[in-house]
Amino acid sequence: MMRDKWCGEINESHVGLNASIAGWVNSRRDHGGLIFIDLRDRSGIVQVVFNPEIDAKAHELAHKIRNEYVLLIKGEVRKRPSGTENPSIPTGGVEVITKELKILNECKPLPFMIEDETDAGEFLRLKHRYLDMRRPLIQRNIILRHKTTKAVRNYLNLNEFLEIETPVLTKSTPEGARDYLVPSRLNPGHFYALPQSPQLFKQILMISGLERYYQIVKCFRDEDLRADRQPEFTQIDLEMSFVVEEDVMRLIEEMMKCIFKDVLEQELITPFIRLSYKEAIDRFGTDKPDLRFSLELEDVRDIVKNSSFQVFLDVLSKGGIVKGINAKGCAGYSRKEIDDLTQEVKTFGAKGLAWIKIKNGFESPITKFFPAETLKKLADKLEAEDGDLLLFVADTEKVVNDSLARLRNEFGKRLNLIKDSEYKFAWITDFPLLEWNDEEKRYEAMHHPFTSPREEDIEKLLSLDFSNLELFTAHCSLFTALKARAYDIVLNGHEIGGGSIRINRRYIQNKMFEVLGISHREAEEKFGFLLEALDYGAPPHGGIALGLDRLVMILTGENSIRDVIAFPKTQKAVCPLSNAPSIVDEKQIKELNIKIDAKIDE
RNA sequence: GGGGUGGUAGUUCAGUUGGUUAGAACGCCGGCCUGUCACGCCGGAGGUCGCGGGUUCGAGCCCCGUCCACCCCGCCA
């Protein structure tokens with residue numbers, strides 16, 4: 001080994017000893033006589049001193065040292081002279097007096113400075129990710145991610161799970177996200193798909209009798225990006241046989257306990273809160289509520305129907321809803337501030353935002369449509385006090401809930417209702433089995449097509465006739481009443497995972513495909529191997545997949561999963577470091593029997 | 001596909017009503033400096049104002065288009 005100590009581990013106990021350390025020059029302070037250098041490696045920073053009276057040669061050489069030069073230093077650990085200690089770093093009581101300096105490599109002037117509080121643009125940071133990742137903050141994130149996967153593996157290994165790999169070159173499936181496709185050279189005109197998740201394979205593993213499977217695995221979805229969505233992302237994927245919902249949820253609760261203990265040294269309280277999908281939507285407007293604060297939505301239909309406010313009445317007559325939220329203490333909001341909030345809800349399709357300020361009475365352009373008694377009831381319902389701002393949205397259920405859920409989160413932040421370092425888990429259960437897709441005019445699986453309906457809904461499902469569209473629509477309410485054996489896990493307002501108990505009987509799976517409008521032939525083509533496997537003694541099974549990137553993002557307190565991924569992509573799914581994707585040689589394309597039909601800017 | 005914000009020195013930004021030579025800080029280069037740790041002091045270099053077009057006597061600034069980045073909607077079982 002070139003070195004025998006890490007920079008960050010040097011302390012008072014090493015005083016008087018010789019040490020070899022290596023690392024990068026974090027900063028230099030050249031006094032002409034004495035030269036100080038902060039040397040950094042993964043473990044931390046230690047001050048190195050060059051004194052011409054101790055080693056004139058090293059001192060001379062040290063003049064040319066610049067930031068991020070790579071050095072090997074041999075020297076003596078010394079207590080710093082009294083009064084020159086630096087309490088702001090862990091090694092601040094000591095320093096290394098250089099007796100031998102070796103410059104292992106030089107470094108050009110940097111495109112941006114390497115410091116935790118960098119203000120460099122993100123694109124630049126990603127382009128030079130190797131420099132960005134030298135920042136202790138990013139290193140901390142990467143290390144924390146490692147600790148998380150280590151805790152996961154420890155826990156699952158102890159619980160008889162087997163880590164099993166599944167194919168990356170796999171089959172395109174019709175449901176779900178857009179696939180990334182890989183052309184097959186050996187099979188002209190045929191394509192693999194990169195897996196959106198190992199869903200089918202993990203079910204096959206259960207049918208194979210392997211009982212408990214897990215994998216920390218890359219998944220791929222060719223959809224547009226967000227702060228918490230990358231085209232390739234990592235799941236903690238697991239599946240178990242002979243279990244019901246409760247078993248999977250308990251297992252994950254225990255796993256989270258281990259993660260929090262190992263990674264954050266925190267005790268989690270279990271079981272986590274359980275909310276039905278309906279309750280989550282009713283109270284918070286979303287199936288991923290942030291439970292660190294209350295600020296709940298209130299349904300005010302019954303109250304506002306006693307008004308002459310046509311906007312509300314129209315919505316109600318069309319079967320829409322009206323809900324409100326109380327922005328505590330915001331009665332002082334200006335016209336512009338309310339306009340900005342209105343703009344915010346318009347992105348969800350809301351046509352407007354009704355407001356009432358509580359200021360020694362009711363102040364609002366709409367009060368004239370409301371009898372005094374009705375206003376009083378509204379205020380009571382929203383527990384309004386003097387100084388509050390009441391906000392209402394009237395529209396379809398979806399628009400109202402989406403809009404107010406956003407406002408709720410916004411006010412959670414603005415009103416400082418959210419404590420950092422607080423973690424609120426919840427399980428969301430009792431999801432509808434099906435969801436109407438208005439674009440395709442058909443029902444879709446809310447979770448995925450392999451999710452089992454509730455036991456008591458199976459008979460209902462089987463008895464229904466889906467062959468004709470009219471009956472289909474006539475039975476609308478029946479379909480939406482069907483519940484899935486699915487569960488999502490939510491942490492601080494982020495969906496960090498979801499799973500279900502799967503269908504393990506062929507006839508039920510067949511029926512599901514029928515409901516989803518997937519023809520017998522298509523089902524055979526796309527999922528035939530699973531369907532067939534179901535015929536050969538498929539055990540009851542279920543599982544879950546957790547988004548590792550999102551989980552680690554929350555554990556590190558970051559706002560984007562890009563900060564917890566070593567090599568993330570930009571919003572256009574470009575890797576600024578490698579410049580992928582790129583055009584390829586004509587020859588490569590030809591070998592794949594593919595023709596490009598696109599204008600390409602080189 | 002849509003909405004929003006941004007793009008000026010290596011970096012982060014400022015740049016007035018369209019008007020002379022486009023500034024600051026940090027970084028970089030040279031010099032001085034033996035207790036600094038945001039070292040200090042003196043001096044210096046550094047610009048295709050994202051790109052293309054237009055309006056104008058004159059554009060970093062106004063208009064049109066385009067590219068890129070970030071946030072959001074759609075989309076993401």
Side-chain angles (χ1 to χ4, degrees), chain A residues 26-39 45-54 59 63 66-68 78 80-89 91-92 95 97 108-115 117-128 131 173-179 196-197 199 219-231 233 340 343-350 399 402-403 406 410 431 433-435 437 439 443-451 484 486 488 495 498-500 512 516 518 545 547 559-560 562 569-572 574 576 601:
Chain A
N26 199 63
S27 66
R28 70 194 164 97
R29 294 173 292 282
D30 189 340
H31 288 216
L34 285 178
I35 300 171
F36 299 95
I37 279 176
D38 288 345
L39 197 68
I45 288 174
V46 70
Q47 174 165 282
V48 174
V49 187
F50 297 87
N51 186 328
E53 287 154 24
I54 292 189
H59 179 263
H63 277 304
R66 295 292 179 269
N67 278 345
E68 298 304 310
R78 223 172 55 173
R80 290 198 192 186
S82 171
T84 66
E85 298 89 350
N86 181 1
S88 61
I89 59 170
T91 62
E95 60 193 9
I97 307 298
K108 292 206 299 187
L110 297 160
F112 57 90
M113 280 179 282
I114 294 174
E115 50 197 2
E117 301 295 320
T118 186
D119 45 14
E122 196 174 1
F123 187 79
L124 193 71
R125 287 173 43 208
L126 294 184
K127 190 170 171 184
H128 304 277
L131 297 178
T173 52
E175 296 287 289
R178 204 173 282 120
D179 285 321
Q196 296 175 28
S197 81
Q199 183 60 35
C219 301
F220 307 85
R221 294 175 191 176
D222 186 7
E223 298 292 349
D224 287 358
L225 283 71
R226 286 283 193 287
D228 62 354
R229 271 164 35 189
Q230 284 270 304
F233 61 100
D340 287 347
Q343 217 49 47
E344 195 74 14
V345 300
K346 278 186 176 169
T347 66
F348 297 95
V399 169
D402 286 353
S403 301
R406 169 66 64 91
E410 181 60 32
F431 281 90
L433 184 67
L434 303 166
E435 202 174 24
N437 182 329
E439 238 167 73
Y443 281 95
E444 282 181 338
M446 191 155 182
H447 187 58
H448 59 53
F450 316 104
T451 295
D488 273 1
E495 183 198 325
S500 65
M512 265 307 285
L516 300 175
I518 298 172
N559 293 313
S560 160
R562 293 187 298 273
K569 292 183 171 51
T570 68
Q571 199 149 58
K572 290 205 57 180
V574 165
D601 304 320

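Sequence lines set the chain letters: A, B, ... in the order given, protein chains first and strands last, and positions in each chain run from 1.
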**Message:** Using the salt bridge (charged side-chain N to carboxylate O under 4.0 Å, His left out) criterion, which residues pair with A/Glu85? Sequence neighbours excluded.
**Reply:** none
**Prompt:** What residues form a salt bridge (charged side-chain N to carboxylate O under 4.0 Å, His left out) with A/Arg562, not counting sequence neighbours?
**Reply:** A/Glu122
**Request:** Just call it for A/Pro576: base, sugar-phosphate, or nothing, with non-hydrogen atoms closer than 4.0 Å on any strand.
**Result:** nothing
**Message:** Categorize A/Lys346 for me: base, sugar-phosphate, or nothing, with a 4.0 angstrom heavy-atom threshold over every strand shown.
**Reply:** nothing
**Message:** Using the salt bridge (charged side-chain N to carboxylate O under 4.0 Å, His left out) criterion, which residues pair with A/Arg229? Sequence neighbours excluded.
**Reply:** none
**Message:** My understanding is that only residues two or more places apart in sequence, or in another chain, count here; which of them pass side-chain contact (heavy atoms from CB on, under 4.5 Å) with A/Asn559?
**Reply:** none
**Base-contact (B) and sugar-phosphate-only (S) positions in nucleotides 30-35 of chain B, heavy-atom cut-off under 4.0 Å, - elsewhere** = S--BBB
**Pairwise C1' distance, B/U34 and B/C41 [rounded to whole Å]** = 16 Å
**Prompt:** With sugar-phosphate meaning primed atoms plus P, OP1 and OP2, does A/Arg562 contact a base, only sugar-phosphate, or nothing at under 4.0 Å between heavy atoms?
**Reply:** sugar-phosphate
**Message:** With rounding to the closest Å, how many angstrom separate the C1' atoms on B/A38 and B/G2?
**Reply:** 45 Å
**Prompt:** Is A/Glu444 touching bases, backbone alone, or none of the nucleic acid, heavy atoms closer than 4.0 Å?
**Reply:** nothing
**Asked** Of the nucleotides B/C76, B/G74, B/C28, which has the atom closest to the A/Asn67 side chain?
**Response** B/C28
**Spacing of A/Leu124 atom CG relative to B/A69 atom C1', expressed in whole Å** = 11 Å
**Asked** Quick one: salt bridge (charged side-chain N to carboxylate O under 4.0 Å, His left out) partners of A/Asp340, sequence neighbours excluded?
**Response** A/Lys336
